[in-house]
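A note on names: the letters A, B, ... follow the listed sequences, proteins ahead of strands, and every chain is numbered from 1. Heavy-atom basis, side chains included; hydrogens, waters and symmetry copies ignored.
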There are 2 protein chains.
Amino acid sequence: MTTPNPKRRATVHDVARVAGISHATVSRYLNKRAYVSQASAEAIEAAIRSVNYTPNRTARSLVTQSTRAVAFVVREYSEFFFADSNLSAMAAAANKTLSAEGYQMLLVIIESDEAAERIVDLIIGGFVDGALLVAMRDDDPVAEAIARSTIPAITASAPELPVGLPSVDTDNAGGSRAITRLLADSGRTRLAEIAGPAPMPAARLRHGGFVDARGAAYDPRLSIAAAEWSVEAGTAAMRELLERGEPIDGVVAASDALAAGAIDAIHAAGLTVPADIAVVGFDDSPWATRIRPTLTTVRQDPGATGRRMAERMMAHLGGEALDDVAEVIPNVIVERESTAPSS
Amino acid sequence: MTTPNPKRRATVHDVARVAGISHATVSRYLNKRAYVSQASAEAIEAAIRSVNYTPNRTARSLVTQSTRAVAFVVREYSEFFFADSNLSAMAAAANKTLSAEGYQMLLVIIESDEAAERIVDLIIGGFVDGALLVAMRDDDPVAEAIARSTIPAITASAPELPVGLPSVDTDNAGGSRAITRLLADSGRTRLAEIAGPAPMPAARLRHGGFVDARGAAYDPRLSIAAAEWSVEAGTAAMRELLERGEPIDGVVAASDALAAGAIDAIHAAGLTVPADIAVVGFDDSPWATRIRPTLTTVRQDPGATGRRMAERMMAHLGGEALDDVAEVIPNVIVERESTAPSS
DNA sequence: CTGAAAGCGCTTACAG
DNA sequence: CTGAAAGCGCTTACAG
């Protein structure tokens, strides 16, 4: 049983006193052993053990202006974060990369506005040396505050901010463009789109890819934005699309979950996938192979995304400039049953 | 008007100078607005904006001796952590509870010995006000170093350490005991056990529950410890159990993954579950309903575990003593096909 | 190789 | 209500 403030922690002064030496020498020994005599070193070692000394990281950080810690900030509810294998793979890869360089990754999940404020204060207050920002919304106050600060930050999916932020991201636009073309090339002509929720950069970019691929054939009456990245939202969106009465023979959904929901709605309407309507998703999440028909989708490389974010941060913290460039990680299309030829 | 030197961060002194007031008053204003005059307050506000001031958390922490951050330390590979819904639910619940009290949870995943050392240095160095320790091994150097330090820590599944640590945990022993009795009460008499990997507290406790429930009927020849918490390890363990030649009509596996592996091995041997051999797991993970037959298992309440860890930490940081008690969260048994009566 | 001193950016009694 | 001063625990030129 311990009490909140038990006995005082030993400081470098305690060690110095017990070792019969100045605290400056103790500090020198703790950092670069080089310039300390053998005798002093031994006395210090013994003193450290005897007073049970452990250096205060806060004091050290205050003078060195560095914490050797980097925040990995997830702007998403835990349930979604833990269920999203792409996000967790990014986190895992970043953790490994930072760790290998001796940096500590601190994973932070923002679930409320108060948490958002608190985290901004922490980060721009220098609690960490840098921040990796994930799942930010367009116009996100967290991303914006950090972007305006002096602490280095890199984001996955660059949000639309007044001030830019370097980013690393899967090729959202390109993936969406490619999978839309796949559908068109298979002879489908009435392509509908279920876009992701408007405030998300990934949703915006994927929408852009769809519009781009459709070119002159783009028809706003066949596009709808889902309320969130969920199966239910996909069902609701597809239902409304069908109710509009426009003929549809293909659907480009901005995520696998949305696609899964769309397929439910299509089946509920008495239609068949892919015979009547082909459907494609995005993410290659577990949904893609769990549902029937299995889903043609875009597979990301989240490990590469997380790794590159961490590598760029390490390079910057190592002294290199951090350019505001949007690095794009290629993705691949995985064809499955949901776009099989009608035969 | 902008910052004189854009490279240097503004400090409380810059604000004071611009506001024409002492830095002590600025600090007072920043903390408890009460004792600052209206005129000063306005001058300070303007100065803060003009120099773009944000308080340095490290400096503040050094004097207040508090960071208002708590580490949630996971001693497990990311892949396992993110795949384990019990662990992530614990983290999510702890995050919510800490967040509601204004504390920031920092999730840290230890994947190497160097990371382990680094995190110990950080934590006992006062980088956080407290630590929640999860998935520690018995005799874990991380848990031990933190237990010996002055910083408050609570663990899920108390490891066997020379010095105690308060803990909150699902009822491992009780759950194992109850599900073993369920099997015995259904008329099975030759009960084998696939225990978890030896160095884990949860494995030890579940094993204890099994031994306890078997009493005089406990037969070491029917017990084996899996090499890790994986399906493959379960298959290997079950295969060896069958090769020993002892008759078996029931298996108590220490986790659902282990049970899933055991069922594979049983089927491979040409036997049937539950007709020939009943099988039970632990965790009520997604495995439990994904495999055939569906699994009778112990359902934990990971949300309650995470919440209680956080609540006890908050109470302690709020001034209460932190007793070294092992708090046990009840769990329930979920019966499914794998123990259906042979009929 | 080592000590005295300054300083990192804040908070907080202590006077006034 | 406010300023001067001390101090949180460390690191790091600067002399010697």
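With sequence neighbours excluded, the residues that form a side-chain contact (heavy atoms from CB on, under 4.5 Å) with A/Glu42 are A/Gln38. Checked against side-chain contact (heavy atoms from CB on, under 4.5 Å), B/Glu311 has the following partners two or more places apart in sequence or in another chain: B/Thr97, B/Arg307, B/Arg308. Under the ring pair (Phe, Tyr, Trp, His ring centres under 6.0 Å) criterion, A/His316 pairs with no residue, sequence neighbours left out. Every residue two or more places apart in sequence or in another chain that forms a side-chain contact (heavy atoms from CB on, under 4.5 Å) with B/Thr58 is listed here: A/Thr58, A/Ser61, A/Leu62, B/Asn56.
Side-chain contact between B/Leu322 and B/Ile154 is present, with at least one heavy-atom pair separated by less than 4.5 Å. Within the 4.5 Å cutoff, no side-chain heavy atoms of A/Leu30 are placed close to those of A/Val15.
Among pairs with a residue in residues 139-165 of chain B, none fulfils ring-ring contact (aromatic ring centres under 6.0 Å, His included), at least two apart in sequence or across chains. Sorted by first and then second residue, the ring-ring contact (aromatic ring centres under 6.0 Å, His included) pairs with a member in residues 122-161 of chain B read A/Phe127-B/Phe127; sequence neighbours excluded. A ring-ring contact (aromatic ring centres under 6.0 Å, His included) check over residues 93-126 of chain B, counting only residues at least two apart or in different chains, returns nothing. Counting only residues at least two apart or on different chains, no salt bridge (charged side-chain N to carboxylate O under 4.0 Å, His left out) pair has a member in residues 51-60 of chain B. Every pair tested for salt bridge (charged side-chain N to carboxylate O under 4.0 Å, His left out) that includes a residue from residues 113-133 of chain B fails, sequence neighbours excluded, so the list is empty.
Using a 4.0 Å heavy-atom distance criterion, A/Ser61 is classed as making no nucleic acid contact.
Within the 4.0 Å cut-off from OP1 or OP2 of D/dG3, at least one side-chain nitrogen or oxygen of B/Thr25 is found. Dashed line: the shortest gap from a side-chain N or O of B/Ser22 to OP1 or OP2 of D/dG3 is under 4.0 Å.
Of the C1' atoms belonging to D/dT12 and D/dG16, the separation is 16 Å, rounded to the nearest Å.
B/Leu30 has its CG atom 12 Å from the P atom of C/dT12, to the nearest Å. Rounded to whole Å, atom P of C/dT11 lies 14 Å from atom OH of B/Tyr29.
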Check nucleotides 13-16 of chain D against the protein and report each pair of N or O atoms closer than 3.5 Å, with its distance, or say if there are none.
unit_1	atom_1	unit_2	atom_2	d
D/dA13	N6	A/Arg28	NH2	3.2

Under 3.5 Å between N/O atoms: give me all the protein pairs with nucleotides 6-10 of chain C, atom names plus distance.
unit_1	atom_1	unit_2	atom_2	d
C/dC8	O3'	A/Gln65	NE2	3.3
C/dG9	OP1	A/Gln65	NE2	3.3
C/dG9	N2	B/Ala59	O	3.4
C/dC10	OP1	B/Tyr53	OH	2.7
C/dC10	OP1	B/Asn56	N	2.9
C/dC10	OP2	B/Val12	N	2.5

For DNA chain C, what string of dots and brackets results from 5' to 3' when Watson-Crick and G-U pairs need both distances under 3.5 Å, crossing pairs get [ ], and pairs with another strand get |? |||.||||||||.|||

